[in-house]
Amino acid sequence: LFKELDIPFNQVLYLGDATEISSIIRAMTYEFQTAGLYSADLVVLNLKIMFFKLSRLIHTSIRSEADNPSPYHSEMVDLHNRIYNSIRTITSVSELSKELSMSKSAIQHNYKKLFGVSIMEDILNSRLVCCKRLLASTMLPLKEVAERSGYNSEFHLMRQFKSQTGMTPTQYRKKCK
């Protein structure tokens with residue numbers, strides 16, 4: 001797979017922001033530790049995803065952007081880290097645009113240009129990852145899980161969770177126990 005994806009061996013590389021790769025490693029660790037249904041398969045799939053994303057990071061404009069940063073590079077990297085590390089502080093793209101003194105479209109354009117995904121995709125993904133982690137590792141009420149995951153209400157959480165995973169949060173929690 002390394003040869004196929006042209007990932008160099010025994011060579012130190014500057015990757016810029018590797019938050020997405022770190023998130024995949026956390027997901028693999030979680031699957032390994034929970035040893036649930038299909039955990040071994042999910043670890044292997046996440047490993048493959050990580051290698052594909054690593055190759056993309058090495059060989060696409062994401063790397064060249066990191067080597068030749070735009071004026072908003074550091075703000076976008078900080079925002080990306082905040083999305084994946086403090087999702088409950090993210091309310092909306094409109095609020096972020098006010099905080100950063102940028103237009104909503106400028107944030108969306110610069111974010112997608114740097115990370116290859118829209119800011120809303122990352123926000124929704126981060127909320128879902130946080131929610132899954134809390135459901136699997138705590139017995140917090142759904143309302144608290146929703147708050148900690150950045151959702152406005154438990155009903156919004158339930159609707160999005162079901163649409164993304166095909167199961168309710170309660171079903172997911174039971175599956176993980």
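Numbers here simply count residues along the sequence, with the first being 1. Given the structure is predicted, the values throughout are model-derived calculations rather than measurements. Below, each value reflects all heavy atoms present in this structure, side chains not excepted, and no hydrogens, waters or symmetry copies.
Distance alone, capped at 3.5 Å, places no donor-acceptor pair between the Arg148 side chain and the Ile87 backbone. Using a distance-only test at 3.5 Å, with no hydrogens or angles considered, a donor-acceptor pair links the side chain of Gln171 to the main chain of Thr168. In this structure, the side chain of Ser97 does not engage the main chain of Ser103 through any donor-acceptor pair within 3.5 Å. Here the side chain of Ser163 pairs a donor or acceptor atom with the backbone of Gln160 at under 3.5 angstrom.
As a member of the Ile/Leu/Val/Met/Phe/Trp/Tyr network built from side-chain separations under 4.5 Å, Val145 groups with Tyr30, Leu128, Leu134, Leu135, Leu140, Leu142, Tyr151, Phe155, Leu157, Met158, Phe161, Met167, Tyr172.
The distance from atom CG of Leu96 to atom CD1 of Ile123, rounded to the nearest 0.5 Å, is 6.0 Å. Residue Asp78 holds its CG atom at 10.0 Å from CZ of Arg82, rounded to the nearest 0.5 Å. Rounding to the nearest 0.5 angstrom, the gap separating the OG atom in Ser126 from the NE2 atom in His80 is 9.0 Å. Remark: Met102 CE to His109 NE2 distance equals 9.5 Å, nearest 0.5 Å. Summarising the geometry, atom CE belonging to Met28 is positioned 11.0 Å from atom CG belonging to Leu45; distances are rounded to the nearest 0.5 Å. For the atom pair Asn110 CG and Phe115 CZ, the distance stands at 10.5 Å (nearest 0.5 Å).
In the hydrophobic cluster analysis, where Ile, Leu, Val, Met, Phe, Trp and Tyr join through side-chain heavy atoms closer than 4.5 angstrom, Leu100 is grouped together with Leu114. In this structure, Leu42 is not a member of the same hydrophobic cluster as Ile24, with clusters built from ILVMFWY side-chain heavy atoms closer than 4.5 Å. Hydrophobic clustering (side-chain heavy atoms under 4.5 Å, transitive across Ile, Leu, Val, Met, Phe, Trp, Tyr) groups Ile25 together with Phe52. Under the 4.5 Å side-chain heavy-atom criterion for ILVMFWY residues, a single connected hydrophobic cluster contains both Met120 and Leu79.
Proximity of Arg26 to Val129: side-chain heavy atoms (C-beta onward) are nowhere separated by under 4.5 Å.
Considering every non-hydrogen atom in both Met76 and Ile107, the closest pair reads SD-O, 4.0 Å. Closest approach of Val117 and Tyr111 over heavy atoms only: O-CD2, 3.5 Å. Between Tyr84 and Asp122, the shortest heavy-atom distance links the atoms OH-OD1, 2.7 Å.
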Glu121 and Ser118: side-chain hydrogen bond (donor to acceptor under 3.5 Å, both in side chains), yes or no, with the steps?
CA-CA 5 Å; Glu121 285 178 74; Ser118 76; 3.3 Å; yes
